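Okay, so here's the structure we're looking at.
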Number of protein chains: 2
Amino acid sequence: MKRVDEVLVSLRRIIRATDIHSKQLSKHSGLTSPQLLILMAISKLGDVTIGTVAKDVNLSQATVTTILDRLEKRNLVRRVRSEVDRRRVHAQLTEEGNKVVEDAPSPLQESFVEKFDQLPEWEQTMLLSSVQKLAELMQASNIDASPVLYVGDVTHHLTGTQGR
Amino acid sequence: MKRVDEVLVSLRRIIRATDIHSKQLSKHSGLTSPQLLILMAISKLGDVTIGTVAKDVNLSQATVTTILDRLEKRNLVRRVRSEVDRRRVHAQLTEEGNKVVEDAPSPLQESFVEKFDQLPEWEQTMLLSSVQKLAELMQASNIDASPVLYVGDVTHHLTGTQGR
DNA sequence: ATCTAATCTTTAGTATGCGAATCATTTTAA
DNA sequence: TTAAAATGATTCGCATACTAAAGATTAGAT
């Protein structure tokens, strides 16, 4: 098995692990990772617009909107339309939202954090720079792959349900 | 910002990048990454049951079922109920499915692969071992975190819509 | 002043992905 | 032999997540 394939296998494992953790978190605390992440971002940034939150948590605006819908329904977050620029919508934590954020655990594996913190410093540094490098490579790949149509005729075999 | 948090930020970037790539792939080839992954698994394993496929691609059976629904609708895959044990369902590639698999690009970023391959060997090795280490840490965290209820009272603040 | 382009958010549509519940079937045990 | 347990797949309900397009509003240019 090639090295690059092994990297991808590990990445898939990591992605799955975070997903499974999110489900566990939700069972215990009632909130999933992205929900918590967004709450924490709002708490950190104060009275922010939805777009800013999206950038901060690295999710698309549309995704943040739907997650905010759920958080608003639970009274953890309030939406306030800006007076200055009425296109903007600000998100604020409610009283309850504040409490939840204070009591909440890390949105990502707490025991992972512990384990990581126990590693020697050189290893932490190495892991961090590795994962940063990978993220960078992938992001760059996405960007310069987008205009290239590297598959020609696969679509021919399909029924065409894909078209919008 | 703590190192561990930066790791998690990078992981989120990676997760997003793979997702975006999957969408791009689907636009060009009509198939998303998981769909391609499952097709390739079936091609590799031959006449397999759904459960075996699920294990091989590291996804839940339920997920594989829904993806197979889509693949079957497009005539890339056939389902055949086993004669020996009628609980089992075998998945087979159709003629078209075979063609698609042959023509298909890597289900994961092709240009990422290129970029990765161009790195010096020591760096490839380092990246691989880093990501493996992280995957291991996360998986271990999931396992030994599951019985621990590390959040006590967050649920109190919620409306209780969560219960099934 | 008004038309146009840009900006911000939401909506619509599609695809993952999971656990839990359900259904059909097979195996095991009484 | 037949009732109970286990197994394999599907269905259901929910939550992400994306892009594209629509809606609303503002800013800029003529």
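Just so it is clear, the structure is predicted and the values come from calculations on it, not from any experiment. Within every chain, numbering begins at 1; the chains are lettered A, B, ... in the order of the sequence lines, protein sequences first and strands thereafter.
- With DNA chain C read from its 5' end, the first of the two nearest nucleotides for A:Arg87 and A:Leu68 is the one closest to A:Arg87.
- Here the nucleotide nearest the side chain of A:Val89, chosen from D:dG8, C:dT9, C:dT16, is C:dT9.
- Between the side chains of B:Asn58 and A:Arg16, at least one donor-acceptor pair of N or O atoms lies under 3.5 Å.
- Against DNA chain D, the stretch residues 52-66 of chain A makes heavy-atom approaches under 4.0 Å through A:Leu59, A:Ser60, A:Ala62, A:Thr63.
- By the neighbour-count criterion of 12 heavy atoms within 6.0 Å, atom CD of A:Glu95 is sparsely surrounded, having that number or fewer from other residues, nucleotides or ligands.
- Looking at A:Arg86, its side chain has no donor and acceptor atom pair within 3.5 Å of the base of D:dT25.
- Salt-bridge annotation for B:Glu72 and B:Arg79: present, with a side-chain N of the basic residue lying under 4.0 Å from a carboxylate O of the acidic one.
- With a 4.5 Å cut-off on side-chain heavy atoms, B:Glu123 and A:Lys133 count as touching.
- Counting to the nearest Å, the C1' atom of D:dC18 and the CD1 atom of A:Ile15 are 14 Å from each other.
- A:Leu71 is connected to A:Leu45 through a chain of hydrophobic side-chain contacts under 4.5 Å among Ile, Leu, Val, Met, Phe, Trp and Tyr, so both are in one cluster.
- Atoms NE2 (B:His28) and P (D:dT19) sit 13 Å apart, rounded to a whole Å.
- In this structure, CG of A:Asp19 is placed 13 Å from C1' of D:dC14, rounded to the nearest angstrom.
- In this entry the distance linking CG of A:Asp85 with P of C:dT7 reads 12 Å, nearest Å.
- One atom, NZ of A:Lys23, and another, C1' of D:dC14, lie 9 Å apart when rounded to the nearest Å.
- Residue contacts shown for A:Arg81 are absent, as no nucleic acid heavy atom lies under 4.0 Å away.
- Within the structure, a side-chain polar atom (N or O) of A:Arg16 is placed less than 4.0 Å from OP1 or OP2 of C:dC18.
- A:Leu8 and B:Met126 fall into different hydrophobic clusters, where Ile, Leu, Val, Met, Phe, Trp and Tyr are joined by side-chain heavy atoms under 4.5 Å apart, directly or via other members.
- Residue A:Arg79 places at least one side-chain N or O closer than 4.0 Å to OP1 or OP2 of C:dT10.
- With D:dC18, C:dT9, D:dT16 as the candidates, the nucleotide lying closest to the side chain of B:Ile20 is D:dC18.
- Atom CG in B:Asp69 sits roughly 13 Å away from atom C1' in C:dT16 (whole-Å rounding).
- With contacts defined as side-chain heavy-atom distances shorter than 4.5 Å, the pair A:Lys23/A:Thr32 does not qualify.
- What separates CD of A:Gln24 from P of C:dG19 is a distance of 9 Å, to the nearest Å.
- In this entry the distance linking CD1 of A:Ile50 with P of D:dG23 reads 20 Å, nearest Å.
- Residue B:Lys27 places at least one side-chain N or O under 4.0 Å from the OP1 or OP2 atom of D:dA20.
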